[in-house]
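Here is the structure we will look at, set down as structure tokens.
Since the model is a prediction, treat every value here as computed from it, not as a measurement.
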Amino acid sequence: MSRLEAKKPSLCKSEPLTSERVRDTLSVLKGIVTSCYGPSGRLKQLHNGLGGCVSTTSHSSALLANLSVTHPILKILTTSVQNHVSCFSDCGLFTAILCCNLIEKVQRTGLIPTTVIKLNKHLLSLCTSYLKTEACGCRIPVDFSSTQILLCLVRSILTSKPACMLTRKEIDHISTLILTAFLLTIPENAEDHIVLGKSIIVPLKGQRVIDSTVLPGILIEMSEVQLMKILPIKKSDSLKVALFCASLSGDLSDTGEGTVVIGYGVSLENAVLDQLLNLGRQLVSDHVDLVMCQKVIHPSLKQFLSMHRIIAIDRVGVALMEPLSTVTGTQPIGSLGSISPSSYGSVKDLCTAKFGFKHFFHLIPNETTVCSLLLCNRNDTAWDELKLTCETALHVLQLTIKEPLVLLGGGCTETHLAAYIRHKTFNEPESLPKDDGYTQTELQLITEAFCSALESIAGSLEHDGGEILTDMKYGHVWSVQADSPSVVNWPDFLSRCGCGLCNSQEELNWSFLRSTQHPFAPQTCLPHGAVGSANNLTLDCFTAKLSGLQVAVETANLILDLSYVIEDKN
């Protein structure tokens, strides 16, 4: 018997944020996520030292999923951001950067955690209340009678991911396809309760991005040999479809711990094949035109169906079962017994198609709420990043239809919000709720730390040594190249703000982002009616950014409130 090692006592550490190692680790994480942020963010290569694939990304979901963190504080932070991304797909890097900066900046104030947490909650409430009011100067209502704002939103998401390796023309093309795919998922006869369809991303690697396209219905990849075996079908008004989720291969299903009793002289294989052929006869008598199976169809059943001019397609996979059920209106059949007539569905038409070097079976529905986005890119790495970004954009559009608002991007929302909070705190203290738990000095200290953490998001967009300015009228962000002279006439060097809404030719005053600023009340840049005609705006998802703001502050409060970390080392 091997020697048993005595159980080790748990390791208990007090005040974890005072540890130099913890602060250094948080600083490293902050550096990683900050360097990925924005259109000029630096890419990260993720790989396993023992081998395997290498991926290049700046996407928060791919980055955090591959980061191996061991310290409990980092696990809290990364898990919170991952949970946010799993629900909203977007603003993961924003959430992580804001959380790291907020922890770092409020620690420098030296205030006790109880006071810091109370004030952070108060300032968060001030932010969310302002963002939800119609008087907010950094949000834009979405008018669905025009696609301009939606296109700008999708284009902003694609531009922020340089690992997609897209040119400006390709970004415009993919943005149009994503918006088209999304619009195809909206039912034509929508009632009060809208159930959106699905966009299926079909891979086609090694082709030009500009060859990407959107098709109504479903594309099922097949070999050329399989397509040649499919007989031409006689076209009628619609084609009757049967969809099976049960295997039609003739294999016995798993019996678990039970046993199968077979009579003497009975051939199990023949009995199962007879059952399959009886199923085929019922499909023929029910005038079915197309049979699809999630798993495998027995060759004899395939031949039988082919003889009766019924197209049989197997191995469609579990991922396509729900879209196929939606497109055809079928109930997936899970047994080999008698089939209810209500289980059948129909499609408008079917045909074969070839894109690049791949062959597809194209299922065209009667009513389009499912479509296929055939996505092309030059190599595997760029395609993987583009797919992830397209999924994010499609999800953001879904969130936008639920809450038809967008926020100004390019750092302008963060600096505008910081200007608003400073003004409220320093110039309108009477508008703030009274609380005996903190002094006015403590409120101003935490306000400055909170606003500085917000402004650090805008500063994170600059990766090439340039300067970031803010104007003293709208509170927007302006970027200056690194080689600009120190004393200049700013309108000669500035064109538009970070979101693209403000023009430098107005009578504006600027200051450096990290300099001490006199509090002012930020104004709205343009009337909302004029925004719809603006082109090339940089926009953010309202729902995702609002959630990211809340998650960042709440996670920072949780980490700041930790008094002990207890680790079991056994």
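A donor-acceptor pair under 3.5 Å links the side-chain atoms of S86 to the main chain of N83, judged by distance alone. Side chain of S58 to main chain of L43: no donor-acceptor pair is present (N/O by atom type, distance under 3.5 Å, no hydrogens or angles). In this structure a side-chain-to-backbone donor-acceptor pair under 3.5 Å is missing from S547 to T543. With T555 contributing its side chain and A552 its backbone, the two residues share no donor-acceptor pair below 3.5 Å. Side-chain atoms of H298 come within 3.5 Å of backbone atoms of S300 as a donor-acceptor pair (strictly under, hydrogens ignored). A donor-acceptor pair is defined here as one N or O able to donate and one able to accept, closer than 3.5 Å; such a pair exists between the side chain of S372 and the backbone of L219. With hydrogens and angles ignored, the 3.5 Å screen pairs no side-chain donor or acceptor of W383 with any backbone N or O of G206. Using a distance-only test at 3.5 Å, with no hydrogens or angles considered, a donor-acceptor pair links the side chain of S80 to the main chain of I76. Formation of a donor-acceptor pair under 3.5 Å by the K240 side chain with backbone atoms of D286 is found in this model. Distance alone, capped at 3.5 Å, places no donor-acceptor pair between the S306 side chain and the K302 backbone.
Between the side chains of T57 and S55, no donor-acceptor pair is found at a separation under 3.5 Å. Using modelled atom types, one finds a donor on one side chain and an acceptor on the other under 3.5 Å when comparing H59 with S61. S238 and S346 share no side-chain donor-acceptor pair at under 3.5 Å. In this model, no donor atom of one side chain and acceptor atom of the other lie less than 3.5 Å apart for S212 and H173. S145 and D143 share a donor-acceptor pair across their side chains, judged by distance under 3.5 Å alone.
Atoms CG and CD, from L408 and E414 in turn, are 10.0 Å apart once rounded to the nearest 0.5 Å. The structure places NZ of K198 at 15.0 Å from CG of L184, a figure rounded to the nearest 0.5 Å. Taking CG from L386 and OG1 from T381, the interatomic distance works out to 12.5 Å, rounded to the nearest 0.5 Å. If you take CG on L305 and CD1 on I313, they are separated by 11.5 Å, rounding to the nearest 0.5 Å. Between I220 atom CD1 and M292 atom CE the span is 5.5 Å, to the nearest 0.5 Å. Atoms CG and CD1, on L537 and I140 in that order, are 5.5 Å from each other to the nearest 0.5 Å.
Within a 6.0 Å radius of CD in Q331, other residues, nucleotides and ligands contribute 12 heavy atoms or fewer. Counting heavy-atom neighbours within 6.0 Å of M222 CE, excluding the residue itself, gives a total above 12. Shown here is R281, whose CZ atom has more than 12 heavy atoms of other residues, nucleotides or ligands within 6.0 Å.
Counting heavy atoms from C-beta on, the side chains of F542 and T400 never come closer than 4.5 Å. At a threshold of 4.5 Å between non-hydrogen side-chain atoms, the residues V327 and I364 do not count as touching. Looking at heavy atoms from C-beta onward, L215 lies out of side-chain contact with V202 at the 4.5 angstrom threshold. Residues K161 and L388 have side chains not in contact (no heavy-atom distance under 4.5 Å, counting atoms from C-beta outward). Between L405 and L131 the shortest side-chain heavy-atom distance does not fall below 4.5 Å. The closest side-chain heavy-atom distance from L290 to L363 is below 4.5 Å. At least one side-chain heavy atom of I201 sits under 4.5 Å from a side-chain heavy atom of E391. In this structure, E367 and P187 have side chains that are not in contact, with every pair of non-hydrogen atoms separated by 4.5 Å or more.
Taking each heavy atom of C245 and Q294 in turn, the nearest pair found is CB-OE1, 3.6 Å. Scanning both residues, M165 and A382, for their nearest heavy atoms gives CG-CB, 4.0 Å. Closest non-hydrogen pair, P162 versus G41, comes out as CG-O, 3.7 Å. Of all the heavy atoms in S35 and K44, the pair that sits closest is OG-NZ, 2.8 Å. Contact between S129 and T133 at its shortest, heavy atoms only, is O-CG2, 2.9 Å. The minimum heavy-atom distance between K348 and P365, with the atom names listed, is CB-O, 3.5 Å.
Each of L93, I97, T95 was checked for a side-chain contact (heavy atoms from CB on, under 4.5 Å) with S60, and the lone residue meeting it is L93. Among L373, L397, L394, the single residue meeting the side-chain contact (heavy atoms from CB on, under 4.5 Å) criterion with S199 is L394. Exactly one residue among V241, L324, T330, D289 makes a side-chain contact (heavy atoms from CB on, under 4.5 Å) with V347. That residue is V241.
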message: Walk me through whether L150 and V406 qualify under side-chain contact (heavy atoms from CB on, under 4.5 Å).
response: CA-CA 9 Å; L150 294 176; V406 292; 6.0 Å; no
field: Criterion side-chain contact (heavy atoms from CB on, under 4.5 Å) on K295 and L248, from CA distance to verdict
entry: CA-CA 7 Å; K295 301 176 183 178; L248 301 181; over 6 Å; no
query: Can you list the steps and then say if L374 with D211 is a side-chain contact (heavy atoms from CB on, under 4.5 Å)?
result: CA-CA 9 Å; L374 191 73; D211 292 333; over 6 Å; no
message: Show, in sequence, the C-alpha distance, side-chain angles and deciding distance for V396 and I157, and conclude whether the side-chain contact (heavy atoms from CB on, under 4.5 Å) test is met.
response: CA-CA 9 Å; V396 161; I157 295 171; 3.9 Å; yes
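The pair E403-R139 does not count as a salt bridge, with every side-chain nitrogen at least 4.0 angstrom from each carboxylate oxygen.
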